[in-house]
Structures are given as C-alpha cells and as structure tokens.
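Report on the structure given below.
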Amino acid sequence: MSGTQFGKGCHLHLIDGSAFIFRAYHALPPLTRKSDGLPIGAVAGFCNMLFKQVEDNKGPDAPTHVAVIFDYSGKSFRNEMYDLYKANRPPAPEDLVPQFPLTREATRAFNIACKEIEGFEADDIIATLACQAREAGGRVTIISSDKDLMQLVGGGVEMLDAMKNKRIDSDGVVEKFGVGPDRVVDVQALAGDSVDNVPGAPGIGIKTAALLINEFGSLEELLDRAEEIKQPKRRQTLIEKREQIELSKKLVQLDCNMTLDFTLDDLEVKEPDAETLLTFLSEMEFRTLSKRMADQLGMEAPAIPEAPAAAAASSAAPEAVPFDKENYECVRDAAGLQTWVDRIRQRGWVAVDTETTGLDEMVVDLVGISLCVEAGEACYIPLAHKAGGDDLFGGEGLSEGQMPLEEAVAMLKPVLEDPAILKIGQNMKYDAKILHRYGVEVAPVDDTMLMSYALHAGLHGHGMDTLSERYLDHTPIPIKPLLGSGKSAITFDKVAIDDAVPYAAEDADITLRLWQLFKPQLHQERVTTVYETLERPLVPVLADMERNGIKVDRDTLSRMSNAFAQKMAALEAEIHELAGESFNVGSPKQLGEILFDKMALPGGKKGKTGAYATGADILEDLATEHDLPARVLDWRQLSKLKSTYTDALQDHINPETGRVHTSYAQTGASTGRMASTDPNLQNIPVRTEEGRRIREAFVAEEGNVLLSLDYSQIELRILAHMAGIDTLKQAFADGQDIHAMTASEMFEVPLEEMTPEIRRQAKAINFGVIYGISGFGLARNLRIPRKDAQGFIDRYFERFPGIRKYMDSTVEFAKEHGYVQTLFGRKIHTAEINAKGPKAGFAKRAAINAPIQGTAADVIRRAMIRMPEAIAHLPARMLLQVHDELLFEVPEAAVEETIAAARQVMENAADPAVHLDVKLVVDAGRGRNWAEAH
DNA sequence: GACATCACG
DNA sequence: GACGTACGTGATGTCC
C-alpha cells in the first residue's frame with residue numbers, strides 16, 4: 001500500500017479526537033489507574049475507540065488513510081474575530097486535564113497519525129482534509145457527532161457517530177437541520193449556538209432558521225430581502241442584528257483552505273507496533289484491552305497486577321469476614337517475609353502499619369511493621385522489640401525471634417516503592433515519615449483517614465478506633481493495657497512480641513477493610529475529586545514541611561522567659577497586696593472569690609460548675625474601675641506567653657536539627673482547615689506587641705531570610721464571590737479598603753470623611769457576617785447595646801441583600817441535605833442543623849461559615865500542593881502554613897524569585913477548577929525572623 | 001479528664 | 001416569648 005497516492009478508491013477516516021475525549025469522559029465512570037490514582041477514564045474510552053478503529057482497518061469498508069485530529073489548547077483565530085467565542089465554556093474538569101496528553105500518546109501508540117495545529121480548531125483541520133480528499137476523488141468518513149462538522153457532508157463525505165454507531169449522510173443532515181449540508185452554516189448563523197457562544201439572531205432557533213433559508217434560498221438573500229418578512233419581530237431582528245448574524249456565519253464556517261505541513265498521503269493506515277502499543281496499554285493498566293489487543297496481534301498479553309477496584313468488589317464484603325487473632329501471623333525470618341512479599345506483588349496492594357517507640361515521627365524508632373492483603377489475614381513483623389527489663393544483661397538486648405531490621409526493610413523497600421503496588425494506610429503521613437528515615441520512599445499511597453475525611457467531615461473524628469467501631473462494628477484491641485499509663489507507661493518496643501502481634505496486625509487488617517469500604521463510596525458520594533486533588537496529594541507536601549521544621553533560637557526564648565518570670569513575680573506581689581491576701585492568681589476559682597465575694601465587685605456566677613466567670617472580657621470591664629483585675633490581665637498575658645510559648649517551645653526544639661517540627665493534622669478541622677500540633681505553630685502570638693516579640697525567636701538560617709506570603713482578606717473575597725455581591729466585588733477589583741467601603745455604604749459617610757471608629761465597626765460586621773452574624777454576638781464584640789448592633793445588621797442586609805440571601809439559602813441547603821459544600825466540592829456535614837433549641841443556632845452559624853472558611857482552606861491547599869513544583873528550581877523551602885499564610889525560608893539571593901513564584905501559585909490557586917469573580921491578592925514580607933517577615 | 005482561659009486565622 | 005450565641009482550632013493550668 002505504501003507509496004499509493006491518495007485518490008479515487010481511497011477512503012479517509014478523520015477522527016475528532018477532542019470531541020471524543022469529552023464524550024468518553026462524561027460517559028464513563030471516573031476510573032483511576034490503580035497504582036497511583038491517575039484519572040484514566042477518558043483515556044480508556046478513547047483507547048477502546050482506537051481499538052475499534054484498528055478492527056475497522058481490516059473490515060469490509062476499511063479506510064486506507066486515517067488520522068486523529070485534536071484541538072490545539074488555547075485560543076483559535078476565531079477569538080480574534082469575536083473575543084467571546086466559546087467564552088462561556090467552563091474549563092476542562094481537573095481530572096480530565098492530565099488525560100489530554102495521554103490521549104495523544106495513545107494515538108501514537110496505536111500508530112495512527114495524530115494532528116493538531118496551533119491557532120486552529122480540530123474542525124478546521126478536519127474540514128481542510130475532507131475537502132482535499134473529496135477533490136482528490138476519495139471517500140471520507142468523519143468520526144464525530146459534532147453538528148458543526150455537518151456542513152462538510154456530501155460528495156463522498158459522511159459522518160459516523162461512533163458511540164451510537166450511526167452514519168450521517170446528506171439526508172441525515174437534512175433531518176437534523178432542515179436544510180442540506182451546503183446551507184447548514186446559514187442555519188447555524190441564524191440559530192446561533194449557546195455552547196460555543198455564537199450569538200446568532202435572538203429568538204430564532206433551528207426550526208425557524210431552516211424555514212427562512214428554505215424560503216429565501218440563502219442567508220445572504222434572506223438578509224438582503226429581510227423587509228419582505230411578514231412577522232414584525234422577526235423582520236426587525238434580522239435587520240437590526242444583521243452584523244451579528246454575519247459574524248456568526250463567519251464563526252461557524254469551517255476553514256477548508258488551511259495550510260498543512262503534511263499531506264493526505266502521510267495519513268496512510270499503518271499496522272501498530274505490537275510492543276509499543278502493548279507497553280502503553282499495560283502502563284495504563286488496561287487489563288481487558290491489553291488482552292484483546294494482544295490476541296489480535298498474536299502476542300502474549302503483558303502481566304498487569306490485578307486492579308484493586310475490581311478485585312475489591314469481587315472479594316467478600318470486608319465487614320462479613322470475622323476478626324480472628326488466630327489468623328494473624330508473626331513473621332520472624334526472611335523466608336516468612338518473602339511469602340508476604342510474593343502475596344503483595346500478586347495482589348497489587350497492601351495495607352501497612354508501623355509500630356514505633358512513640359508519637360514524634362522525627363525522633364522515634366521503628367519497632368515493627370504489619371501488613372495485610374486480604375481482610376482477616378494480616379501479619380506483624382517484630383523488628384526491635386527489647387527483652388524484658390529484668391534481663392540480667394540490661395534491658396537493651398533484642399528479644400529472640402526477630403529478623404534484622406535492615407534485612408526486613410531491604411526486602412520491603414522495593415514493594416513499598418513500587419509504583420504498581422498501592423500502599424494503604426491509616427494516617428500514612430506518619431508511617432511514610434518513619435519509613436523515610438529508614439531510606440524508604442513510600443508511594444503510591446491511599447489513606448483511609450483522608451478518605452473518611454472526604455466522606456464524613458463534620459460527622460465524627462477519623463481515627464482508626466472511631467472508624468472501626470462505626471463502619472466495621474468492631475472495637476479494636478486497646479493499646480492502653482499493653483503500654484500502661486502514667487509514669488509506669490512503657491514504649492512499644494518493650495511490649496512482648498506475643499502481645500504485640502494481635503494488636504499490630506489487627507491495625508493493618510482494619511485499615512484494609514476500611515479501604516475496601518470507603519473506596520467505592522468516594523464515587524458514590526461524589527468526593528473523589530476532593531480526595532484526589534485536595535487530600536491525597538497534600539500528604540507528601542505536609543511531610544516535607546514537617547521535616548523541614550523552623551529554626552527557633554533557644555537563647556531568645558530563654559531570655560524572654562526570665563523577663564516574663566520577673567514581671568510576673570512583681571505583678572503577683574502587687575495583686576496579693578491589692579487583694580489583702582495571698583492566693584493562686586492562676587486559679588480562676590480563687591480569683592473569682594476574691595473579686596466577687598471578698599471585694600464584692602459587680603459580676604455573676606456562671607453555669608455548670610458554679611464558679612465565677614473571670615474571662616478577659618469580664619476583667620476588662622472591671623479594669624476601668626479597679627487595679628486588681630487590670631494587674632491580673634497583665635499577669636495572665638505573661639503567664640500564657642511564658643508557659644505556652646517561651647517555655648514549652650524550647651522543649652520542642654529537636655536536638656538533632658535545632659529546629660521545631662510541628663505536625664499538621666490534615667483531618668483536624670471539619671471545614672478543610674489544617675490543625676497544627678506538638679507544638680501548635682498556628683497560634684504564635686502576634687496581636688499584642690509583647691506577644692509578637694516571641695516571633696523574633698523564629699529565625700532563618702545564616703544567609704537566609706524568612707518569607708511570609710499571606711492572602712489578603714481571602715474569606716471576604718470568597719464571600720463576595722459566593723454571595724455575588726457586586727459592590728464588594730467592585731471594591732476588591734479596585735483595590736479599595738473593604739472595611740472603609742462597607743462603612744461608607746452602611747453609614748452613608750463619604751470615604752474621605754471616614755473615621756477609624758466607623759471603620760472599626762464596619763470591620764466587625766464584615767467578620768461577623770463570615771461567622772453567621774447575630775445581634776448578640778456583634779453587640780458583645782463591639783460592646784454596644786444589642787439594639788444598636790441589630791440596627792447595624794439590619795442596615796447591612798438592606799445595603800447588601802445578597803448576603804442575607806446567601807445565608808438563608810446556605811442554611812436551607814444544609815437542612816435539606818445535611819451538609820454544605822465548598823466551591824471545590826468539599827462536603828462539611830451539619831449534623832445538628834435540624835436540632836431544636838440553642839443547638840440550632842450553633843449549627844446554623846457553623847453552616848454559614850463552613851463554605852467560606854472551607855473554600856479558603858481549599859484554595860491554600862491547592863497552592864501548597866502546587867508549590868513544590870513551582871519552587872523546585874529555587875533553593876527555597878516551605879516551612880509553615882497558618883490558614884491564610886505560607887512561610888518560606890530562602891537564601892537572600894533568591895528572595896525575589898521565590899516571592900514571584902509563590903505569589904503566582906497562590907493568587908491563581910483556584911484556577912482552573914473554580915473561576916472566582918474576585919481576584920486573590922497575596923501580600924509578601926521578609927525578614928531575619930518571623931516578626932520582621934510578617 | 002473536664003473546665004476555663006487564651007493564643008491564632 | 002425565651003433561649004443564649006459570633007466561626008474554626010490547640011495548649012496550659014487548676015481542680016476533682
């Protein structure tokens with residue numbers, strides 16, 4: 001066949017690749033590649049179509065030439081004619097984006113010509129090729145159902161809807177458009193197209209358009225003789241919108257005369273190269289297709305590890321298999337471990353759990369590893385259990401019957417790092433960090449804790465015990481009896497191996513069962529995208545940040561501690577003097593008795609415990625008249641700073657790194673926010689001058705600076721977007737002072753005459769709105785009469801009715817569905833929304849706040865996930881996240897570049913999943929320490 | 001271990 | 001008509 005020139009007797013298949021991808025994407029369930037979760041549903045559908053094409057190549061009506069044509073991403077020449085062309089088309093779904101290049105790869109793997117040209121749409125290339133083929137006397141089949149291509153039908157050109165397997169010839173076009181192919185563009189020009197944003201003639205659809213074109217013969221004739229039309233409205237439209245209609249025709253008219261850098265002859269059908277194709281298919285892990293293709297090519301199908309989704313579905317329901325300690329194996333040597341390695345390889349996945357000497361992953365040692373490949377069947381590999389304390393030779397000796405730790409790790413490493421084997425864990429960040437210290441980079445991973453978070457946020461916690469009890473109806477073996485408690489508590493390495501096996505193996509067993517249960521639920525609950533884009537990819541990012549830590553200067557803290565202690569002592573003496581007796585200032589109970597009984601100051605008891613409330617707000621009220629409460633407030637501030645920060649922080653400095661390594665709880669907050677623990681670095685003081693100085697102890701390494709980038713007013717911006725408040729959006733677009741603007745709108749004060757006091761009140765209202773405002777809450781915050789506060793709120797809602805609408809509809813949604821959602825699809829369950837009594841108020845406000853706080857949390861998560869790649873070329877390290885702030889450490893020379901790169905990522909973090917009507921703005925600061933940088 | 005208090009966004 | 005409220009967190013010290 002080679003060398004034949006395209007001409008009579010030739011048959012060209014033109015496949016509309018882009019259209020096909022979208023149809024495959026929407027028609028098929030969201031399949032993911034088992035080994036790493038890569039979305040591949042559309043690729044799978046696409047490959048099946050190509051497979052069919054290959055079969056067709058041998059069929060009775062076989063093509064001699066074939067090509068798959070793609071849209072070039074980006075704008076086409078039509079955007080130059082009409083900038084709104086396809087403007088209302090939403091961006092491609094995020095899990096489809098990575099599949100675009102894969103479909104090109106697939107096409108080439110099938111050895112089919114793969115064409116796209118910058119600045120042109122696939123339709124134009126198809127049109128040009130179809131015209132060329134027709135002129136050469138050949139036949140053409142366009143494999144697409146896109147009506148825009150129907151203008152090409154006729155003269156040997158037909159279309160084929162591959163999904164419905166339906167051919168469309170001239171008659172088919174007449175059926176669809178009421179006119180022949182040669183007049184399709186005329187009808188389209190009149191009818192317009194909302195999908196492509198082609199304006200057309202308002203009020204005229206396909207039916208009317210066809211009627212008119214058939215009556216007048218052509219669009220040009222119709223427009224010239226528009227005066228003759230009887231219906232007044234129609235006549236007026238055609239006359240007034242003539243220009244718009246003519247533009248529409250240009251938009252829908254395909255270009256048959258493109259200059260191509262290839263010829264029809266280049267599209268000759270070729271046999272696929274068996275090895276290339278099978279390699280690709282097995283890389284995609286397309287089991288069935290690999291087999292069918294291999295059969296057709298007369299080859300052996302490549303081995304692909306079994307798919308978890310299919311296999312999980314086929315195995316017994318995880319909750320149906322009883323828990324049985326007897327089935328848990330203790331692996332004591334290499335031979336025993338090898339059988340598990342083999343089982344894992346055969347299975348393609350494994351649940352993993354590590355046992356360690358403590359909870360701090362930066363410090364603790366590995367004690368053992370448990371594995372599970374099938375519900376009910378698990379093992380524990382003890383590696384560093386120590387002999388009993390009464391051992392004559394000291395407690396340091398390892399217990400008998402353990403294989404060497406290095407040997408076990410060496411055997412497991414290839415499995416744990418194999419991209420084709422999925423590692424399943426409960427809070428895998430912990431295990432991955434431990435294993436990292438033993439030279440193992442665990443990947444890919446699934447995490448049942450994160451799955452539960454995507455599914456059940458707001459309903460309950462996501463710890464293993466909770467999940468096991470709720471979803472497996474099984475109470476796990478408690479750790480307490482093994483470790484003891486209090487002073488006599490031991491670490492896991494001191495637990496007897498026989499006791500450790502059932503406990504440890506069960507954890508892996510539970511994890512596997514939870515995974516089998518949750519995995520399909522992600523799809524059913526429509527949170528796969530949340531899990532795959534906001535949860536799973538964040539794990540390694542957080543692990544890196546935690547490992548990085550931040551340098552904290554012990555001397556600075558220590559000096560401050562001493563200073564605080566001195567001041568506190570002085571204050572304490574003064575307080576005792578004022579009280580006329582000595583008492584524990586740190587005891588709210590004793591303080592309350594002094595203030596309200598002995599001194600008889602005005603104030604009240606509080607609820608449950610019967611003790612007086614002595615919170616800062618109450619003391620502040622008293623402080624205007626009395627010295628004692630004022631001193632107590634000072635004392636308390638210092639006490640807080642000293643105990644929580646200057647003292648406790650020193651204990652968290654890692655002796656090896658000299659840095660403080662926090663731990664982020666990814667599932668800590670129901671809204672999608674992270675929580676920071678051990679220590680909490682998200683609540684380091686900043687609001688008072690004295691407290692802010694603690695940040696001076698957070699420093700950069702020599703030659704480096706700390707860089708702080710934070711979102712400006714992100715929650716208010718998100719509220720403006722979600723509630724659709726034009727005034728607010730405009731103010732943000734103009735870079736205005738949003739609180740001053742609010743104040744001006746509300747109190748009708750011109751911006752030039754704004755006073756700090758009025759602005760302060762507006763600011764409180766703006767924040768109140770985010771929290772689900774109430775007259776009471778605002779009154780307390782502003783210390784104004786409740787009536788006045790309610791007046792402010794009423795005026796606010798009058799001025800911004802959209803806000804009230806947002807609040808009402810959010811609560812409505814919560815009541816109906818039992819959850820609310822962020823813009824990115826994260827669900828936050830609102831269990832008590834339909835409760836009665838005071839609980840209802842709480843639930844309502846939480847429901848109003850959650851989508852706003854949660855969307856902001858999603859945005860910064862997306863930025864964090866993209867950050868490593870964006871700063872990979874720079875010597876910068878991301879250290880901390882504080883809800884709307886990211887802190888970096890970077891050599892001075894790379895500061896500007898890092899700010900630019902990080903800001904770019906942060907400001908565009910919502911795209912392309914969500915297009916915000918309000919731009920996100922990121923402020924940056926730098927300094928030798930965190931106080932300077934912030 | 002519950003409660004009160006206070007640090008942050 | 002009264003209830004009793006700002007949203008989301010974590011750490012510390014007191015007291016039982």
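Chain letters run A, B, ... following the sequence lines, proteins first and then strands; every chain starts at 1. Just so it is clear, the model here is predicted, and its values are computed rather than measured.
- Taking the P atoms as reference points, dT5(C) lies 13 Å from dT5(B), given to the whole Å.
- Scanning residues 779-803 of chain A for heavy-atom distances under 4.0 Å to DNA chain B yields an empty list.
- Atoms OH (Tyr664(A)) and C1' (dG9(B)) sit 13 Å apart, rounded to a whole Å.
- Using a cut-off of 4.0 Å between Lys/Arg side-chain N and Asp/Glu carboxylate O, Arg826(A) and Glu535(A) are scored as salt-bridged.
- Within the 4.0 angstrom heavy-atom criterion, only backbone atoms of the sugar-phosphate kind lie near Asn680(A); the bases stay farther away.
- The nucleotide range of DNA chain C contacted by chain A, defined by atoms under 4.0 angstrom from heavy atoms of the protein and reported 5' to 3', is dG4(C) to dC16(C).
- By the side chain to side chain donor-acceptor pair (under 3.5 Å) test, His456(A) pairs with Ser452(A), Tyr471(A), sequence neighbours left out.
- Using a 4.0 Å cut-off, no side-chain N or O of Arg687(A) falls inside it from OP1 or OP2 of dA7(B).
- Regarding Glu715(A), its CD atom lies at a distance of 16 Å from the P atom of dC8(B), rounded to whole Å.
- Using a 4.0 Å cutoff on non-hydrogen atoms, the parts of residues 836-851 of chain A near DNA chain C are Phe842(A), Arg845(A), Ala846(A), Asn849(A), ordered by number.
- Between the side chains of Thr742(A) and Asn766(A), at least one donor N or O lies within less than 3.5 Å of an accepting N or O.
- For DNA chain C, the stems formed by at least three consecutive Watson-Crick or G-U pairs, with both atom-pair distances below 3.5 Å, span B:1-9 with C:7-15.
- Distance noted for atom P between dA4(B) and dG4(C): 15 Å (whole Å).
- With sequence neighbours excluded, the residues that form a ring pair (Phe, Tyr, Trp, His ring centres under 6.0 Å) with Tyr453(A) are His462(A).
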